[in-house]
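Bear in mind that the values here come from a model prediction, so they are computed numbers and not experimental data. Naming: A, B, ... by sequence-line order, numbering from 1 per chain.
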Amino acid sequence: MAREWTNFFAFFCKLTVQSLILCAVTCGNSFVTDSILTPQTPAPADYYQNNFCSVFEFVLGRFKGIASDQLTKDLKSYLDASGDSQRLFARLLTRKGPTFLISSLAYAEIAELDVAIEELSALDLLQYSPGVPADQILAVLTKAQLIDYFSVPSALTKSSKVAIIEHLLSHNSDLQICHRCQQRTRWLTITAPDHWRLVNFLYFGNSGQDWSTFVRRDLGLLAYETVALQSQQFATRQILDAYLEEKEYANLIYRLDEFPNLAEPLLAVLVGDHQTAGLLGQRQRLRQRSLLRLAKWAEREKRLDYALVAYACVDTPPARERRVRILTKANNIHEANRLLAEIEQSPRSATERLFAERFGKRGGGYQPPTTTIEIDETPESVEDYVLLELIQDGGWGVHSENLMLKTLTGLIYWPICFAPIPGAFTNPFQSGPQDLYAADFFTHRKEAIEDLEASLSLEADFFAHITQIANAKRGIANRLVSWGLLESIPVDEWLSAIPFAQLQQLSQFLIRNLTEYRRGFPDLFICYATGAVEFVEVKGPSDQLQPQQRAWFEEFNRMEVPARVVKLQLTK
DNA sequence: TCTGCATAAG
DNA sequence: TTCACACAGTCTT
DNA sequence: GACTGTGTGTCTCTTATGCAGAAT
Ligand SMILES: [Mn+2]
Ligand SMILES: [Mn+2]
């Protein structure tokens, strides 16, 4: 599952020649003043319970009849259970599990632990000291307990815990181990951990967020934009099941090194139906990514015809590029040239076009302005080294890569990003629309974007808009906006450094091309003492421009935005 | 006895 | 078990 | 210079704590 994380509290150094201001953004300064939670202070007794009740009501309301009936039953069981039981199970869900020693359950908000355990067992949400895979129970015991409970050869007692566990596992059956543990201690095991993982997924709409999301919000670390949820993911059981199946395949592809024999059946399944084109959005994206990964794996394993078949089913880059390379290697120049022509005719991305233009042509294509600096040894951070070199005579700069333009663009187009268009907002705690990085993000918002841009065509309005959004939305999660960056370099400072026309051009371009151009932006932003600004990509002695970085430099050239590459070269 | 790591917690 | 970037090794020109 | 494979940082936030393993 894709994890798009805004770099919320990264460290930024705004470097000036006079001083080096370390702007480590500490999270002591929270954005919201009165919070439900305080660190190191007990949460309200019903805090976790309430959170899970609302989560389960949400999931039940949406996915009853869509998710499996067993899952629905579990959710209902929880909601009907007693307060103590709800509070206990809520705690367990925030912990690692799925097995917990009873001795590790000490919660002030639970009056009668035994009764709660009894009830949750009767509901089959958890089990009391059940037989579990032996490694699971052994893992929660301490080394001392292992030695106490089992007859460990004295030679082994001084070796690592892992070694002891391995010894026990190879000399005893799971049943024997559990039996022995049952004589000495008691534990709980969550009956169906996969149910709760699915609930997590259905609630947030992705598996990248977890229950600590509530805590961070309630500590006041960040807030979430309020957007009405207009539609839901997975409208039918069939769509959900199909997606979950697709995810299973994806997980297997990650483990091909372990199970190479699965390559063949997986390829058959994924290309077999040839329904790839007919698949729906989310599943379709996953299918393409799986096929790309499978093809890449085959390529590494030198199973080139396999790779070709898999790549041929994918229409997103770098599928065609890989095919050209494989065909060329196999001396099938004809086919390679045919594909190259196809790419040149209708490239699907800037990097794909650049590939076709430059393939087989050393030093071909646009060459960005480059400055070479001689150095005796490679500094620890090449970016910081070049930054300091460039502001010798005053000015300031920052190593912020993609964050800088993404952040300012995110502020400018804030109302667009959170516009309630169908399918964009489906779940609580979203930090952006579902299709933010989808190819048709712009198309679906064309009119609104152009209207906004028309209303901001004057410099004063443009800057006032950005300032207003930055103040009004401070601390609200937005996938494009890094509040940490704005903490170290306030929006005013950015706006007085960057010329209006430049920021206008760059942000208009980025919002139209987020899929490709969210990456590859140069390392440094420099504001010289003269007031001139420049974007600088630093290249160490063993580094060179990546394709997407090259694509950005083409755009800088077209937009007449000052930018260059600074290359470090070791003196011999 | 010290130190780094995993886990829990808010 | 993700992504974006840098680095290092190998081959080519 | 081009290409490929691999490493690294991010544990979305910080702190407390107990354990494991190493140092003394
Ligand atoms: Mn960089
Ligand atoms: Mn760089």
Inset, instruction - Rounded to whole angstrom, note down the P distance from dT1(C) over to dT15(D). - result: 28 Å

Legend entry - OP1 or OP2 of dA9(B) under 4.0 Å from side-chain N/O of Y107(A): yes

Inset, instruction - Take atom CD of E516(A) and atom P of dC3(C), then tell me their distance rounded to the nearest Å. - result: 16 Å

Inset, instruction - Taking atom types as modelled, find out whether T407(A) and S482(A) have a side-chain donor-acceptor pair closer than 3.5 angstrom. - result: no

Legend entry - ring-ring contact (aromatic ring centres under 6.0 Å, His included) between Y517(A) and W552(A), intermediate numbers included: CA-CA 7 Å; Y517(A) 288 82; W552(A) 261 119; 5.1 Å; yes

Inset, instruction - Check the distance between dT12(D)'s P and N200(A)'s CG and give it to me in whole angstrom. - result: 13 Å

Legend entry - Selected nucleotide, minimal atom distance to K329(A) side chain, candidates dT4(D), dA8(B), dC3(C): dT4(D)

Legend entry - Whichever of Q548(A) and N251(A) has its nearest DNA chain C nucleotide further upstream toward 5': N251(A)

Legend entry - Interatomic distance at P, dT4(D) relative to dT13(C), whole Å: 15 Å

Inset, instruction - Among dA4(C), dT4(D), dA9(B), find the nucleotide with the atom closest to the side chain of R322(A). - result: dT4(D)

Legend entry - Side-chain donor/acceptor of N402(A) to backbone N/O of G520(A), under 3.5 Å: yes

Inset, instruction - Measure from the side chain of K567(A), starting at C-beta and using heavy atoms only, and say which of dA6(C), dG1(D), dA9(B) lies closest. - result: dG1(D)

Inset, instruction - State whether R479(A) places a side-chain N or O below 4.0 Å from either non-bridging phosphate oxygen (OP1 or OP2) of dT12(D). - result: no

Inset, instruction - Verify, without hydrogens or angle tests, whether K161(A) (side chain) and A139(A) (backbone) share a donor-acceptor contact under 3.5 angstrom. - result: yes

Inset, instruction - Give a yes or no on this: more than 12 heavy atoms of other residues, nucleotides or ligands lie within 6.0 Å of atom CD of E377(A). - result: no

Inset, instruction - Return the nearest nucleotide to the side chain of Q40(A); candidates are dT12(D), dA2(D), dA16(D). - result: dA16(D)

Legend entry - Per R300(A) side chain, nearest of listed nucleotides dG5(D), dC19(D), dC3(D): dG5(D)

Legend entry - Distance test, side-chain N/O of N402(A) to OP1/OP2 of dC3(C), below 4.0 Å: no

Legend entry - Interatomic distance, L138(A) CG vs dC19(D) C1' [rounded to whole Å]: 16 Å

Legend entry - Donor-acceptor under 3.5 Å (R287(A) side chain, L270(A) main chain): yes

Inset, instruction - Could you work out the separation of dC5(B) and dC11(D) based on their C1' atoms and round it to a whole Å? - result: 12 Å

Legend entry - Closest to side chain of K96(A), choosing from dC19(D), dT12(D), dA8(B): dA8(B)

Legend entry - Atom-to-atom span, CG of D210(A) to P of dT1(C) - whole angstrom: 12 Å

Inset, instruction - Could you check which nucleotide pairs with dT3(B) in any of the strands shown, counting Watson-Crick or G-U wobble with both distances under 3.5 Å? - result: dA20(D)

Inset, instruction - Can you label the angle between the F429(A) ring and the F204(A) ring as parallel, tilted or perpendicular, going by 30° and 60°? - result: tilted

Legend entry - Phosphate contact (dA4(C) OP1 or OP2) by R518(A) side-chain N/O below 4.0 Å: yes

Inset, instruction - Tell me whether the guanidinium CZ or amine NZ of R550(A) lies under 6.0 angstrom from the six-membered ring centre of F553(A) and within 45° of its axis. - result: no

Inset, instruction - Tell me what Q145(A) touches on the nucleic acid: a base, only sugar-phosphate, or nothing, going by heavy atoms under 4.0 Å. - result: nothing

Inset, instruction - Could you tell me whether the phosphate oxygens of dT1(C), OP1 or OP2, come under 4.0 Å of any side-chain nitrogen or oxygen in R255(A)? - result: no

Inset, instruction - Write down the distance between NZ (K406(A)) and C1' (dT12(D)), rounded to a whole number of angstrom. - result: 13 Å

Inset, instruction - For S104(A), answer base if it contacts any base atom (sugar-phosphate contacts may also be present), sugar-phosphate if it contacts only those atoms, and nothing otherwise; contact means non-hydrogen atoms under 4.0 Å. - result: nothing

Inset, instruction - Let me know the distance between NZ of K161(A) and C1' of dT7(B), rounded to the nearest Å. - result: 12 Å

Inset, instruction - For dC3(C), take OP1 and OP2 only and decide whether either is under 4.0 Å from a side-chain N or O of R289(A). - result: yes

Legend entry - Short side-chain N/O contact from R550(A) to OP1 or OP2 of dG1(D), under 4.0 Å: no

Legend entry - Name of the residue among R323(A), R320(A), E299(A) meeting side-chain hydrogen bond (donor to acceptor under 3.5 Å, both in side chains) with Y311(A): E299(A)

Legend entry - Proximity to the side chain of E401(A) - top-ranked nucleotide from dG5(D), dC5(C), dG21(D): dC5(C)

Inset, instruction - Report yes if a side-chain nitrogen or oxygen of K143(A) is closer than 4.0 Å to either non-bridging phosphate oxygen (OP1 or OP2) of dG21(D); otherwise report no. - result: yes

Inset, instruction - Identify whether any heavy atom of K296(A) sits under 4.0 Å from a base atom; if not, whether one sits that close to sugar-phosphate; answer base, sugar-phosphate or nothing. - result: sugar-phosphate

Inset, instruction - Give the B/S/- string for nucleotides 7-13 of chain C, one per nucleotide from 5' to 3', where a protein heavy atom under 4.0 Å of the base yields B, of only the sugar-phosphate yields S, and otherwise -. - result: BB---BS

Legend entry - Separation between the P atoms of dA9(B) and dT10(D), rounded to whole Å: 27 Å

Legend entry - Spacing of F359(A) atom CZ relative to dT4(D) atom C1', expressed in whole Å: 14 Å

Inset, instruction - Starting from C1' on dT4(D), measure out to CD on E299(A) and report it in whole angstrom. - result: 10 Å

Inset, instruction - Examine R518(A) relative to Y437(A) and say whether NZ or CZ is less than 6.0 Å from the centre of the six-membered ring and inside a 45° cone about the ring axis. - result: yes

Inset, instruction - Describe the nucleic acid contact of E537(A) in one word from base, sugar-phosphate, nothing, applying a heavy-atom distance below 4.0 Å. - result: sugar-phosphate

